[in-house]
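Take a look at the structure below.
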Amino acid sequence: MEDIIHYSCLNPPFGPVFVAKTVKGICIVNLSKISEAGFQSLLGKKFRKKPIRDDKKLKCVINELFDYFNGNQVNFKSLLDLRIGTIFQRKVWEKISEIPYGELRSYKWIANQIGNPDAVRAVGNAVGKNPVPPIIPCHRVIRSDGKLGGFSSGIPLKKWLLKLEKTPIPDQ
């Protein structure tokens, strides 16, 4: 049973969001514009299993994401399965999870918090590989100079998520 990957979809204003889970928890939230067939292919490559659509199995996280994308502050309760990340990446993702709703932190702040102040670039790479945005809110991470930095799903979506949280967006 552990090998089964289930997925579902919701449609916030910026386009379809696909979510996948294993028996251990949510493993991927895809905010990028992708078709259902494209998401199935991505899951097949990452997990080497044929994914199965099951909206009922993902109802809880879909509801949480729906609430979040409608501007509500959500305390995500869904369990996560982050095995696809390295130990370092998981350490970074755990620290990102501590960033409060509506607040920003820098890559440098994260590097300092995880006890590796010289690893700012590696932190940036780990942030970019976050498999479950916005559950792990990597959109709340910016550069030390106050600029937005990157976002795997694009800067316009990063700005949209920050506006949704009523976060002051740094000048670019």
Side-chain angles (χ1 to χ4, degrees), residues 1-102 124-141 148-167:
M1 276 306 227
E2 189 174 325
D3 300 313
I4 298 174
I5 305 292
H6 291 102
Y7 75 94
S8 187
C9 181
L10 74 151
N11 287 293
F14 56 84
V17 171
F18 290 95
V19 183
K21 73 176 282 192
T22 67
V23 295
K24 293 186 179 207
I26 304 305
C27 57
I28 294 184
V29 176
N30 188 295
L31 301 180
S32 300
K33 291 186 166 109
I34 191 172
S35 68
E36 186 165 352
F39 187 65
Q40 288 174 331
S41 176
L42 178 134
L43 290 174
K45 288 175 186 162
K46 279 196 185 289
F47 297 98
R48 299 195 174 133
K49 302 290 175 206
K50 185 176 193 290
I52 300 167
R53 180 152 184 170
D54 191 331
D55 298 330
K56 287 182 183 175
K57 285 195 187 292
L58 287 113
K59 186 175 170 82
C60 180
V61 72
I62 292 294
N63 288 340
E64 289 175 338
L65 288 166
F66 181 81
D67 285 347
Y68 175 80
F69 292 133
N70 278 299
N72 299 311
Q73 184 173 346
V74 173
N75 181 15
F76 291 99
K77 295 183 183 348
S78 298
L79 295 176
L80 300 178
D81 180 354
L82 302 175
R83 290 177 289 167
I84 61 174
T86 66
I87 292 169
F88 179 81
Q89 288 170 337
R90 291 192 304 260
K91 197 180 221 186
V92 169
W93 300 337
E94 185 178 316
K95 191 49 65 178
I96 294 169
S97 295
E98 297 173 12
I99 302 172
Y101 184 91
N125 287 332
V127 171
K129 292 194 183 334
N130 171 17
V132 291
I135 298 171
I136 294 177
C138 57
H139 61 282
R140 297 178 191 155
V141 182
L148 286 180
F151 188 59
S152 61
S153 299
I155 294 298
L157 183 54
K158 184 172 187 168
K159 287 180 178 178
W160 188 87
L161 293 170
L162 293 173
K163 283 181 186 173
L164 185 74
E165 294 184 10
K166 297 175 179 52
T167 307

Can you tell me how far apart [atom1] ([X]) and [atom2] ([Y]) are? Round to the nearest 0.5 Å.
X	Y	atom1	atom2	answer
L164	K166	CG	NZ	7.0 Å
L162	I155	CG	CD1	9.5 Å
R83	T22	CZ	OG1	5.0 Å
L65	S78	CG	OG	7.5 Å
D55	H6	CG	NE2	11.0 Å
D67	I62	CG	CD1	11.5 Å

Testing the basics here: between [X] and [Y], what is the closest heavy-atom pair and its distance to 0.1 Å?
X	Y	result
R90	L82	CD-O, 3.3 Å
A20	L43	CB-CD2, 3.6 Å
F39	N30	CE1-CB, 3.7 Å
S153	S32	OG-OG, 3.4 Å
C9	R53	CB-NH2, 3.7 Å
C138	F151	SG-CE1, 3.7 Å

Any side-chain heavy-atom pair from [X] and [Y] closer than 4.5 angstrom?
X	Y	result
K21	V61	no
F69	N11	no
Y7	Q40	yes
W160	H139	no
P134	V74	no
C27	F47	yes
L42	F18	no
V23	I4	no

Walk me through it: do L31 and L157 pass the test side-chain contact (heavy atoms from CB on, under 4.5 Å)? CA-CA 9 Å; L31 301 180; L157 183 54; 3.7 Å; yes

By side chain to side chain donor-acceptor pair (under 3.5 Å), which residues pair with T167, not counting sequence neighbours? none

Candidates L80, V92, I99 - the one meeting side-chain contact (heavy atoms from CB on, under 4.5 Å) with I136: L80

Short side-chain to backbone donor-acceptor contact, W93 and A126, under 3.5 Å: yes

May I ask you to check whether over 12 heavy atoms, not counting those of F14, lie within 6.0 Å of atom CZ? yes

List the residues meeting salt bridge (charged side-chain N to carboxylate O under 4.0 Å, His left out) with E94, not counting sequence neighbours, and say none if there are none. none

